[in-house]
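Letters A, B, ... are given to chains in the order of the sequence lines, protein chains preceding strands, and every chain is numbered from 1.
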Number of protein chains: 2
Amino acid sequence: MQAYTSSRISLSPHLAQPALPATLGSGPVQPISFFPAGSEIYAQGEKAGAFYQVEFGAVRIYRLLADGRRQISAFHLAGETFGFEAGATHHFFAEAINATGVRVFRLNAGADMSHQLLPLALKGLTRAQEHLLVLGRQNAIERVAAFLVDMVERQGGLRQVELPMSRMDIGDYLGLTIETVSRVFTRLKDKGVIRLLNLRSVEILKQDVLQTMGE
Amino acid sequence: MQAYTSSRISLSPHLAQPALPATLGSGPVQPISFFPAGSEIYAQGEKAGAFYQVEFGAVRIYRLLADGRRQISAFHLAGETFGFEAGATHHFFAEAINATGVRVFRLNAGADMSHQLLPLALKGLTRAQEHLLVLGRQNAIERVAAFLVDMVERQGGLRQVELPMSRMDIGDYLGLTIETVSRVFTRLKDKGVIRLLNLRSVEILKQDVLQTMGE
DNA sequence: CGCCATATTGAAATTCATCAAATGCGGTGG
DNA sequence: CCACCGCATTTGATGAATTTCAATATGGCG
């Protein structure tokens, strides 16, 4: 875990979500680590013992098969937390998608954080199970629609959505190839449901249609 | 939630796993509810406020799309716990697969169960995320192999595995149709990897091959 | 022993992946 | 500021895997 810890990081002025509940934010200020695009935050098999809050940037959590196939189980945007796991070691990889600042909360043996962690773990569990429905039972266009709706909601419901991740990341999150993801974007564009402002930002023209597609 | 609570249930003498940690089992004995095959334990939208331990039988947790497509996110066998969720209401359905006895632990507002629940939630989270890899990135035969390996492990690694659920349940768990599940079973049989003793029990002839397929 | 639901098998259709080529965006340097 | 370069993305053609539709077989239970 090669972190570029810095004390003079300029934090993003526009966090997508409020910070953690006051109970977590109180006490001594936690250090912020900076990770360049593509760098590893932790690896599968590594010792766990901390959890993380994204200050700015975006993080992908994933797992690999022996032959290199990758499944991204979650993206984490500014304000969101990740990294708490069962057992002493990480079961997944965490990487910065682009330049990312992360606040690290070390779990020291003494303090009991169950109260804070349980709601986060339960929320993560619900998200993962909902994602199972998408991967198990929805077709390509429904998957992309569900993904876009989710991103809209996590970015405050604005018409314009930023996609910090590549098409490959989106594919590996949705269980599709990049070609299929690209074709679906084109189809949604042709239907007048979305508009591609540039590769990384989408304008939602028909939120209701998208909503219905993603169920 | 139509439970047939009974005080004279004969518990299965062979729980697949030990009961909950002593911290949960201590205190007043929790009531056991009996659910016939196919009956609902709780429904999506229903008020939460308890968690459950399977005493005997098996439970499926699932979610539905508007058009009836179903994704089973988890099966729970004897000894396993389920039902804790984020928020005040259930996001999923829980049904008894066959005649099932469930020990109900009500969460009363006073007592704090974070310590007991957090490890369970984290374990569930890990399981769900691993299942995401299966649904997102593995083909039909790999999915069935992963499923069988999981069932073997949860039943103590014996050569003979009991499958309490139907092919339809397995399909809805693996994101496949019943026909595909059936064909894969046949293929595994023809390859000499498994032997179908009857519809609900499988003998594992080549555990290593299965293990490798399921990654 | 026979019935009926569940499961298996078969053939055709569909969706998505793969392989391949072209486009274009974003960043760099002149 | 503009042109160029490299890489991500898009688009196209083909193929493979899985679904769908349909028929048959099986076996669990009365």
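- As rounded to whole Å, 14 Å separates atom P of dG26(C) from atom CG of Asn98(A).
- DNA chain C is contacted by both Leu199(A) and Asn139(A); Asn139(A) maps to the nucleotide lying nearer its 5′ end (nearest heavy atom per residue).
- In the set dT9(D), dG28(D), dT20(D), the nucleotide with an atom closest to the side chain of Asn198(B) is dG28(D).
- Regarding Arg69(B), its CZ atom lies at a distance of 14 Å from the C1' atom of dT20(D), rounded to whole Å.
- Closest to the side chain of Ala140(B), from the set dG26(C), dT18(D), dG28(D), is dT18(D).
- Comparing Ser182(B) and Ile141(A), the nucleotide of DNA chain C nearest to each residue sits closer to the 5' end for Ser182(B).
- Checked by atom type, the side-chain pair His90(B)/Glu85(B) shows a donor-acceptor distance below 3.5 Å.
- Distance CZ/Arg63(A) to OG/Ser73(A): 9.5 Å, rounded to 0.5 Å.
- Under the 4.0 Å criterion applied to side-chain N and carboxylate O atoms, Arg154(B) and Glu80(B) are assigned as salt-bridge partners.
- Straight-line distance from the CG atom of Leu176(B) to the C1' atom of dT20(D): 14 Å, rounded to whole Å.
- Close to dT9(D), at under 4.0 Å from its OP1 or OP2, lies a side-chain N or O of Arg200(A).
- The distance between atom CG of Leu163(B) and atom P of dT6(C), rounded to the nearest whole Å, is 16 Å.
- With rounding to whole Å, Ile178(B) atom CD1 is found 17 Å from dT24(D) atom P.
- Across all strands, Gly171(B) comes closer than 4.0 Å to no nucleic acid atom at all (heavy-atom distances).
- One interatomic measurement links the two molecules: CZ of Arg137(A) to P of dC16(C), which rounds to 13 Å at whole-angstrom precision.
- Glu95(B) places no side-chain N or O within donor-acceptor distance of the main-chain N or O of Ser39(B), the cut-off being under 3.5 Å.
- Sequence order on DNA chain D of the closest nucleotides to Met168(A) and Arg187(B) puts Met168(A) first from the 5' end.
- Taking the side chain as every heavy atom from C-beta outward, Ile194(A) and Leu205(A) never approach each other to under 4.5 Å.
- Between dT10(D) and Thr186(A), no contact under 4.0 Å exists linking OP1 or OP2 to a side-chain N or O.
- Protein atom CE of Met165(A) is 16 Å distant from nucleotide atom C1' of dA8(D), rounded to whole Å.
- The CD1 atom of Ile41(A) sits 11.0 Å away from the CD atom of Glu46(A) when rounded to the nearest 0.5 Å.
- Nearest nucleotide to the side chain of Thr180(B), out of dA7(C), dC16(C), dT18(D): dT18(D).
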Enumerate all atom pairs, one protein N or O and one N or O from nucleotides 12-14 of chain D, separated by less than 3.5 Å.
residue, atom, partner, partner atom, Å
dG12(D), N7, Arg183(A), NH1, 2.8
dG12(D), O6, Arg183(A), NH2, 3.2
dA13(D), N6, Arg183(A), NH2, 3.4

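- Spacing between atom CZ of Arg167(A) and atom P of dG24(C) amounts to 15 Å, rounded to whole angstrom units.
- Between Thr177(B) and dT18(D) there is no side-chain polar atom (N or O) within less than 4.0 angstrom of OP1 or OP2.
- At least one side-chain heavy atom of Thr126(A) sits under 4.5 Å from a side-chain heavy atom of Glu130(A).
- Here the straight-line distance linking atom CG of Leu117(A) with atom CG of Leu122(A) works out to 10.5 Å at 0.5 Å rounding.
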